[in-house]
Number of protein chains: 2
Amino acid sequence: MAATRPTMKDVAAEAGVSTMTVSRVVNGDSAVAPRTAARVEAAVRKLGYQRDDVARQLRRTHQLSQIIGLLVDDVTDPFMAAVASAAEDVARQRGSIMLIGSSRADPRREREVIAAFTARRVDGLILTPAAGSHRFLRPAQAQGTKIVCVDRAAPGLDVDAVVVDNFGAVRAAVAQLVTHGHRRIGYLGDTPKIWTFGERRRGYLAALRAAGIAADPALVRDGVRTGPEAAAAVTGMLALPDPPTALLAGNELLAFGALTTAPGDLAFVAFDDFALAARLTPPVTVIAQDPVALATSAAHLLFARIHGDVSPPRTVVMPTRLIRRGSGELPGPFAA
Amino acid sequence: MAATRPTMKDVAAEAGVSTMTVSRVVNGDSAVAPRTAARVEAAVRKLGYQRDDVARQLRRTHQLSQIIGLLVDDVTDPFMAAVASAAEDVARQRGSIMLIGSSRADPRREREVIAAFTARRVDGLILTPAAGSHRFLRPAQAQGTKIVCVDRAAPGLDVDAVVVDNFGAVRAAVAQLVTHGHRRIGYLGDTPKIWTFGERRRGYLAALRAAGIAADPALVRDGVRTGPEAAAAVTGMLALPDPPTALLAGNELLAFGALTTAPGDLAFVAFDDFALAARLTPPVTVIAQDPVALATSAAHLLFARIHGDVSPPRTVVMPTRLIRRGSGELPGPFAA
DNA sequence: AGCCAAGCTGTTAACGATACCAACCAGAAG
DNA sequence: CTTCTGGTTGGTATCGTTAACAGCTTGGCT
């Protein structure tokens, strides 16, 4: 049952050659006489030999491990799933495999997962940083692990990042709600300690300020993490004496939660596009970003670093698009 | 820049002890005098030492690698994302990290990814098998890699599997459509070579047969893989001289595609529940399964195998639930 | 005092692969 | 006939860690 896997030594014995020759054949590096190679290949097939990449990596300590690590909040978030998928595609093209870990927005878990990854000598990490400082990555970075952030910047860490202009996108979307006659506009987001939510919140406040509207703390909800929490927050806002006439949901999950209770006449804009947005009544206006493009770009950047790019870290900003489907264009009480 | 990572030897020199002592401290195994341990720990911190799990694994060849591999079709499928998330949670509880790979339903890619994983000596694999035989896994299995299938069985491979009764669930759902007066019922699915779609298709045909309805090939569409393809298939069916009055979509993705064009009076049932199903008009009736429960069960089964469970392979069947929200209960032309 | 046990630490040899260098062989050239 | 060249092959050391065992203290017991 617990058959032990054959090693190069076994193959060498079977083929009557040295392990060096087996190594050469298995890796197709350097010249081996065709007849010898054929004998080795036959032995490989006969024994079911597969190269042990663990031993290989140990010997080639200063070479690449051909493993990258991806750390996301939560893969069940469709945005993160798209990131994971795109990152793995690039990794595969580059001959690497990918470890995946979820932080669940918990900085401690994030650190532990990253430590487990670096202990395996990953060549690089793609991160969607959780809240909190990421200085703890400096030693790993100093030892040569390349790091690229995607979706979010990592304050306190000097690395590449591929993001969108969250601030500008939300500001523009909220400004549009104001244009359509809304002055009581609600905001739902997770903690502003997460970079994206901080930016989105800033954009919301900036748009209000630009319109001369005082922000009402009762309409600004931070730290909302789940669909049901979002639904409850919306219900709470609507029960206010002076309820909002428009709402901005900070991501897809919160949008789904809000949509379970939001009435159809509440103007609504969601950050992130989603599959059935056009099928709802009214169709949902969204701020769309392209997670595949973000992740592909981040992964290419990572592999460039892995292969020796030492230029100063840069932040790539990808575009967003406000897709007007109706819910964000519902007129408010101050409509012209 | 390319600072090399410190090894136990470096730590040993710094602390004035042998590498064995460092090893003992780092792993907390056996007794080391508190003062010595403190010195070693200080050296570890000073140098930023981290144990090299690659070397460790090589030395401990007959121990576990504490890595598992997950192979899915595509993580952007929310069902698979939930599977991945749940599997990683269990892995983490068990002190393992997880490699992830996508087959994109391509058997060759599936093989390559699996080979890359086994070369890293994963302790086990969780698979959603693509189409085609999986005999190629036998050598890996013989060498001790544990394998568990989730969502789909793997014909030709004697392993554990955690699935739902796809056949029975679809048969019941289609029978219900018949009860509501439908006789022209369309079916959308990917290739029946993928186990789940084969089962779902069989269930559909069995329900028709039981109702004495002849299956019309024009209403049975296999090999539909994308949303747009599903939409086109629906458009095509509706243009028939004798169009369907009801439709069953074989998974979430196909349901989304179909819903972009299906008129509101077409009775509709989707395999897999989804976030906004209740918000559509009419609300969508679905056959729900619990991907988290499936994956959690599969992962527990895998770790049981990894830790020595040698009982015969078993297939765990988890329940499905027909959630009647309206679209599946629309009356057909033969309603009583 | 003498001896043993317990606790602590070090030495050596692997794990499976590859880098580096040396050795071998045939045939060509001098 | 000798020397050289180029293509092939093998030997040895090593990557960073730990298993197995050996050796050294120290203190307790008779």
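Chain naming here is simple, since letters A, B, ... match the order of the sequence lines and numbering starts at 1 in each. If you're wondering where the values come from, they're calculated on a predicted model, not measured in any experiment.
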Under 4.0 Å protein heavy-atom contacts per nucleotide of nucleotides 13-19 of chain C, with B for base, S for backbone only and - for none:
BBBBBBB

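- Rounded to 10°, the angle separating the first-five-pair axis and the last-five-pair axis of the helix from dA1(C)-dT30(D) to dG30(C)-dC1(D) equals 70°.
- G124(B) and T145(B) make their closest contact through CA-CG2, 4.1 Å (heavy atoms, listed as atom of the first residue, atom of the second, distance).
- Judged purely by atom type and a 3.5 angstrom limit, S102(A) has no side-chain atom pairing as donor or acceptor with the backbone of R104(A).
- Taking 4.5 Å as the limit, some side-chain heavy atom of L99(A) sits within range of a side-chain heavy atom of V122(A).
- Remark: the backbone N or O of S65(A) is paired with a side-chain donor or acceptor of D123(A) at under 3.5 angstrom.
- The closest side-chain heavy-atom distance from D52(A) to T7(A) is not below 4.5 Å.
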Run the side-chain hydrogen bond (donor to acceptor under 3.5 Å, both in side chains) test on R120(B) and Q57(A) for me, step by step, so that the C-alpha distance in whole Å, both residues' side-chain angles and the decisive distance to 0.1 Å come before the verdict.
CA-CA 10 Å; R120(B) 290 289 172 171; Q57(A) 187 186 340; 2.5 Å; yes

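- With a 4.5 Å cut-off on side-chain heavy atoms, H300(B) and V90(B) count as touching.
- No side-chain heavy atom of T128(B) sits less than 4.5 Å from a side-chain heavy atom of L71(B).
- Each of Q50(A), R56(A), R51(A) was checked for a side chain to side chain donor-acceptor pair (under 3.5 Å) with D53(A), and the lone residue meeting it is R51(A).
- In the displayed structure, R135(B) atom CZ is contacted under 6.0 Å by at most 12 heavy atoms of other residues, nucleotides or ligands.
- The outermost nucleotides of DNA chain D lying under 4.0 Å from heavy atoms of chain B, listed 5' to 3', are dG16(D) to dA20(D).
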